[in-house]
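In listed order, ligands and their atoms are each counted from 1. Values reported hereafter were calculated over all heavy atoms of this structure, with side chains retained and with hydrogens, waters and symmetry mates removed.
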Amino acid sequence: MTRRSRSHFLMGTIAVFLLCPGIALAQFDGGAPPGSPGREIIHLTGDLYRVRDVRHYGMFFYTPEGIILVDPTSPDTAAWLKGELDSRFDVPVRYVIYSHAHNDHAPGGEVFADTATFVAHEHMAKNLVQPADGAPLLPLEALRDANGNGSLEKSEAGPFANNFARLDLDGNGSLSRSEMWAPRFGGVRTRPPDVVYRDRMTITLGGKTVELHYTGINHTDDMTVVLFPEARMIYTVDHLTPKRVPRMTLDGGYSLLPDWLESLRRIEQLDFDYVSPGHESVGTKADVSEQVRYMNDLVEAVSAGIAAGKTEAEVVESVRLEQHSHLMEYEQSHASNVAVAYGMLSARQGP
Ligand SMILES: [Zn+2]
């Protein structure tokens, strides 16, 4: 991006932002107003684009030597995107970066396999492999395993209870790690990464740079934050959604605390101004700080309740965090987040 286009981009964003913050980022993001097509490419700034598939967003970055794509999303979306990229640009996709292994973001990249190198955090590869019979439950699943038998009966299955019979493939009345893996990974195969990294990786192509950062366990144990330095923008999926309460759901399997909070704090330390999330609208660094405050307040309030000897029900009743009630999905997610936090933090404190 030239200096002129960058300053114009910033001035335009800030000017509208000061007038009407709600509208500014919707315009910036390109939005998805009623009547929008199911899929679209949204130009963000310079050579950086979002790719929307209904409520899922990936990204791509054009360079003169090839395109760097993040999260193909699905086989249908990737096939459509390949056609769009081939018609709009004169270079192939050279890299496919995965944010994490979940099958509503990662599949479909094989249409780019003849030209692209696939990159992910080192934990992603194992998450694509179906766990063996008897594999241990993930931390959040283990927390719900009240009778400690290594699998979840219907009364322990939380959000999996609705589809319990369909998921219980062996019909033994409980869900194993392998059976709970299936909805997130089964059915749609994701091409495994060719290259993995542990803490940080830099990709340079066509004179441009993209950074991959691992900030620890949050929604999963394999999450990559992608930083586009030229645009001063990061891409975050499921663990950091601007203006929305985090979903600390069982099907992520982790939601470890205080790990998730520490991960958000590490992201806050990165050098960026904007956030392009895998869901919802583009936000700013202030939205990241707001997520840090929510998670910090949650951990502090629930820890205080545990220290005071309160039961889970008493803590769920009393920890309302009304200062965060303006966030999207507060009513839907907050009480269950308190319950998850109670379980995680009391388990960490030990007997
Ligand atoms: Zn996910």
| request: Quick one: do D86 and K82 satisfy salt bridge (Lys or Arg N to Asp or Glu O under 4.0 Å)? Show the steps, please. | output: CA-CA 6 Å; D86 286 348; K82 181 170 170 44; 3.4 Å; yes
| When you measure from the Zn ion (ligand 1) to each N, O or S atom of D238, which atom gives the shortest distance? | OD2
| query | Charged N to carboxylate O under 4.0 angstrom, E329 versus R244? | reply | yes
| query | Looking at K285 and D273, does any basic side-chain N land under 4.0 Å from a carboxylate oxygen? | reply | no
| Would one find an N, O or S atom of H102, in either backbone or side chain, under 2.8 Å from the Zn ion (ligand 1)? | yes
| Can you tell me if D104 has an N, O or S atom under 2.8 Å away from the Zn ion (ligand 1)? |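 No, outside the cut-off.
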| Test item: side-chain donor near acceptor, T202 and E211, under 3.5 Å | no
| field | Geometry at the Zn ion (ligand 1) - H219 NE2 versus H100 NE2 angle, rounded to 10 degrees | value |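 Rounded to 10°, it measures 120°.
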